[in-house]
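Just so we're clear, the structure is a prediction, and the values are computed from it rather than from any experiment.
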Amino acid sequence: MAIRDPGSFRDPTGTIFSSGDTILRSVNGEAAQNFARLKSSGAYDDLIGRGWIIGADEADAALLPEVPEPARGGRVLVHPRLPFISYPYEWPFALLKRAALLHLDVQLRALDFGFALSDASAYNVQFAGHRPVFIDIPSFVPYLDGDYWTGHRQFIEQFVNPLLLRALFGIAHNAWYRGALEGIASSDIVALLGRFRRWLAPDILTNITLPDLMQRRARHAPDTAVRPARPLPRAALELVLQRLHGWISKLTPKAIAPTEWQRYEIGNVSYAGDEERRKQDFVADFARRRLPACAWDIGCNTGRYAEALLANGAGSVVGFDSDLDALEGAASRASAGNLNFLPLFSDAANPSPAQGWAEAERSGLTSRRNADAVIALALVHHLAIGRNVPLPFVVEWLVGLAPRGVIEFVPKPDPMVQRMLRLRRDIFEDYDSAQFEQALGRHARIVQRLELAAGGRTLYEFERVAG
């Protein structure tokens, strides 16, 4: 039986179901007609050829019984399953910017074929590796000359305002966005800008300040004062989209306060001699032997080891880190190398929860777990000592993410751990390699271990045991 996606309920034109490895979308009569027009116009083939939209084929008759009865009557489309579903509040600045530009590119190209997008939700974009792809096929509707862009405000609040938080103020959008799933309100940006600065930039004035002022007036104006909007010529709409594209293209992330991992790859004092090379060789050998279809890199930093996994047989890698500047480096690495690597923001001690309507609209990280291998390098001490998570809890969580993997244990005499303990009392009596191995042995078999230095950092390859 097909299972309805709990986040697929807001759009009455189409509903998403999953059946095994198949993603199905039922579309009603009007949406089905629009899809047929999209294909016959040439727009669908053009956008597919550019890699900008998800593929959509009509389902074989054999699959139709899988769709629950209320969803029948229109068409049933089949989409390829993406390796991992992520959300805007998990994207670093670079990925959010790519997603915003893709949305505008799709909208502009669709206009060339007589179509527009009915909304501008950031959740309509997903990533295949580092590449954004538009996934909401029912959003394509016939364009009528004079129509306004009804998704303009949504685009500003779900794409532009989060980018401006970082570009103008050096404030990461991730936590704010996670707490406000529909985006960051323009009124909040106006308040941050202040009374004088907000009028200086034409793009801010046009897209944020004046629309926010009009919204405020409309809420307090009597009904008789509301006048119908004049038609917006297509050329004017295209100009709005093009100016937004140019503005967003120039936005760059303002640096956040430097972190201890920001310079990890440059002058790293935690490894001596050939330790770094041996560590990379260990990860590469693991990938060659295990050939994971999807690996998770917890604490991926700038993606060096994710790249090693991919170069040695891994099909795809999803990386997680809480250092946003490091993630910008990871995004650049993925793009430069055209890697099937998706770097995401995640605090391992506070990952994305299930939230939204009925606490199910946006899935938590655990329920999206799909890795068949995991690596966690130079991470355990940050959780066990930096965040006071008991060592057995850390090990159990990591082993639970995938059936096999590599974990690095950093002992207490290590310079990095000593730096963490410099300004606090050492209450971690049970933090040592013996306790780590004992905790790991409760859930997994240690396949092999590599001591990078005598009594120093050690790599463990594990294989989870049943039960």
Checklist entry - Given side chains that start at C-beta, do those of Arg4 and Ile16 come closer than 4.5 Å, heavy atoms only? => result no

Checklist entry - Are the side chain of Tyr177 and the backbone N or O of Gln158 linked by a donor-acceptor pair below 3.5 Å? => result yes

Checklist outcome for this item: Heavy-atom closest pair (Arg178 atom, Pro351 atom, distance to 0.1 Å) is NH1-O, 3.4 Å

Checklist outcome for this item: Heavy atoms of Ala110 and Phe140 approach each other most closely as CB-CE2, 3.9 Å

Give the table of side-chain donor-acceptor pairs shorter than 3.5 Å for residues 162-171, with sequence neighbours excluded, one pair per line with atom names and distance.
residue, atom, partner, partner atom, Å
Arg166, NE, Lys254, O, 2.7
Arg166, NH2, Asp325, OD1, 2.8

Item to check | Expected output: side-chain Arg464 to main-chain Ala402 donor-acceptor under 3.5 Å | outcome: yes

Checklist entry - Hey, does the Lys NZ or Arg CZ of Arg362 hover above the aromatic six-ring of Tyr123, less than 6.0 Å from the centre and inside 45° of the axis? => result yes

Checklist entry - Hey, does Leu95 have a side-chain heavy atom less than 4.5 Å from the side chain of Pro343? => result yes

Checklist entry - So, do Val318 and Leu344 sit near enough that their side-chain heavy atoms are less than 4.5 Å apart? => result yes

Checklist entry - Which residue pairs pass the salt bridge (Lys or Arg N to Asp or Glu O under 4.0 Å) test when at least one of the two sits in residues 121-130, sequence neighbours left out? => result none

Checklist outcome for this item: Sequence neighbours excluded, the answer for side-chain contact (heavy atoms from CB on, under 4.5 Å) partners of Leu144 is Asp147

Next on the checklist: Please enumerate all residues that pass side-chain contact (heavy atoms from CB on, under 4.5 Å) together with Asn207, with sequence neighbours excluded.
Outcome noted: His152, Ile156, Asp203, Leu244, Trp247

Item to check | Under the side-chain contact (heavy atoms from CB on, under 4.5 Å) test, residues paired with Thr150 that sit two or more places apart | outcome: none

Checklist entry - So which heavy atom on Phe462 is nearest to which on Val406, and how close? => result CE2-N, 4.0 Å

Next on the checklist: If you compare all heavy atoms of Trp397 against all heavy atoms of Ile298, which two are closest, and at what distance to 0.1 Å?
Outcome noted: CH2-CG2, 4.1 Å

Checklist entry - Under 4.5 Å between any side-chain heavy atoms of Ser363 and Ile85, yes or no? => result no

Item to check | Nearest non-hydrogen partners of Ala384 and Val394, listed with the distance | outcome: N-CG2, 4.2 Å

Next on the checklist: If you apply the rule side-chain contact (heavy atoms from CB on, under 4.5 Å), what do you find for Leu377 with Ile407, and how did you get there?
Outcome noted: CA-CA 6 Å; Leu377 308 176; Ile407 302 175; over 6 Å; no

Checklist entry - Roughly how far, to the nearest 0.5 Å, is CD1 of Ile385 from CZ of Phe428? => result 5.5 Å

Next on the checklist: Taking the ring centre of each residue, are Tyr89 and Tyr87 less than 6.0 Å apart?
Outcome noted: yes

Item to check | Rounded distance [0.5 Å steps], CZ in Arg37 versus CD in Gln33 | outcome: 5.5 Å

Checklist entry - Is it true that the side chains of Asp105 and His245 contain a donor and an acceptor less than 3.5 Å apart? => result yes

Checklist entry - Any donor-acceptor pair under 3.5 Å linking the side chain of Glu408 with the backbone of Ala378? => result yes

Checklist entry - Just wondering, do His79 and Ile54 contact through their side chains at under 4.5 Å, heavy atoms? => result yes

Next on the checklist: Closer than 3.5 angstrom, by distance alone: can the side chain of Arg369 be matched with the main-chain N or O of Gly400 as a donor-acceptor pair?
Outcome noted: yes

Checklist entry - Below 4.5 Å, heavy atoms only, C-beta onward: do Ile248 and Leu104 meet side chain to side chain? => result yes

Item to check | Phe9 side, atom CZ; Thr15 side, atom OG1 - distance, nearest 0.5 Å | outcome: 11.0 Å

Item to check | Glu328: salt bridge (charged side-chain N to carboxylate O under 4.0 Å, His left out) partners, not counting sequence neighbours | outcome: none

Checklist entry - Is there a donor-acceptor pair under 3.5 Å between the side chain of Ser367 and the backbone N or O of Gly364? => result yes

Next on the checklist: Using 0.5 Å steps for rounding, measure from the CG atom of Leu401 to the CG atom of Asp372.
Outcome noted: 12.5 Å

Next on the checklist: Run the side-chain contact (heavy atoms from CB on, under 4.5 Å) test on Phe393 and Leu383 for me, step by step, so that the C-alpha distance in whole Å, both residues' side-chain angles and the decisive distance to 0.1 Å come before the verdict.
Outcome noted: CA-CA 10 Å; Phe393 290 15; Leu383 295 174; over 6 Å; no

Item to check | Contacts of Arg109 that satisfy salt bridge (charged side-chain N to carboxylate O under 4.0 Å, His left out) - sequence neighbours left out | outcome: Asp46, Asp112

Checklist entry - Backbone N or O of Trp91 within a donor-acceptor pair of the His173 side chain at under 3.5 Å? => result yes

Checklist entry - Ala373: what forms a side-chain contact (heavy atoms from CB on, under 4.5 Å) with it, not counting sequence neighbours? => result Phe286, Pro292, Ala295, Arg404

Checklist outcome for this item: Residues at least two apart in sequence or cross-chain that pass ring pair (Phe, Tyr, Trp, His ring centres under 6.0 Å) with Phe320, listed by chain then number, are Trp296

Checklist entry - Does Ser322 use its side chain to pair, donor to acceptor, with the backbone of Asp347 at less than 3.5 Å? => result no

Item to check | Non-neighbouring partners of Glu238 that pass salt bridge (charged side-chain N to carboxylate O under 4.0 Å, His left out), sequence neighbours left out | outcome: Arg234

Checklist entry - In Å and rounded to the nearest 0.5 Å, what is the CD1 to CG distance from Ile3 to Leu24? => result 11.5 Å

Checklist entry - Rounded to the nearest 0.5 Å, how far does OG of Ser186 lie from CD1 of Ile204? => result 10.5 Å

Checklist entry - Under 3.5 Å, side chain of Arg75 to main-chain N/O of Glu58, donor-acceptor pair present? => result no

Checklist entry - Is Arg368 salt-bridged to Glu90, going by a charged N under 4.0 Å from an acidic O? => result yes

Item to check | Enclosure of Glu359 CD (heavy-atom neighbours >12, cutoff 6.0 Å) | outcome: no

Next on the checklist: According to salt bridge (charged side-chain N to carboxylate O under 4.0 Å, His left out), who are the partners of Asp119, at least two apart in sequence or on a separate chain?
Outcome noted: none

Checklist entry - Less than 4.5 Å apart, any side-chain heavy atom of Val380 and any of Leu391? => result yes

Checklist entry - Any side-chain heavy atom of Val317 sitting closer than 4.5 Å to one from Ile375? => result no

Next on the checklist: Ring centres under 6.0 Å, that's the criterion: do Tyr431 and Phe409 meet it?
Outcome noted: yes

Next on the checklist: Which heavy atom of Phe113 sits nearest to which heavy atom of Ser41, and what is that distance?
Outcome noted: CD2-O, 3.4 Å

Taking distance alone, no hydrogens or angles, what donor-acceptor pairs closer than 3.5 Å link side-chain atoms of residues 126-139 to residues at least two apart or in another chain?
residue, atom, partner, partner atom, Å
Gln126, OE1, Ser86, N, 2.9
Gln126, NE2, Ser86, O, 2.8
His130, NE2, Asn338, OD1, 3.1
Asp136, OD1, Arg25, NH1, 3.2
Asp136, OD2, Ser139, OG, 2.3
Ser139, OG, Asp136, O, 3.4

Checklist entry - Backbone N or O of Ile189 within a donor-acceptor pair of the Asn161 side chain at under 3.5 Å? => result no

Item to check | Verdict with supporting geometry, Asn388 and Arg424, side-chain contact (heavy atoms from CB on, under 4.5 Å) | outcome: CA-CA 12 Å; Asn388 285 45; Arg424 60 183 305 186; 2.8 Å; yes

Checklist entry - What do the steps show when you test Asp297 against Asp321 for side-chain contact (heavy atoms from CB on, under 4.5 Å), and what is the final call? => result CA-CA 9 Å; Asp297 184 353; Asp321 208 292; over 6 Å; no

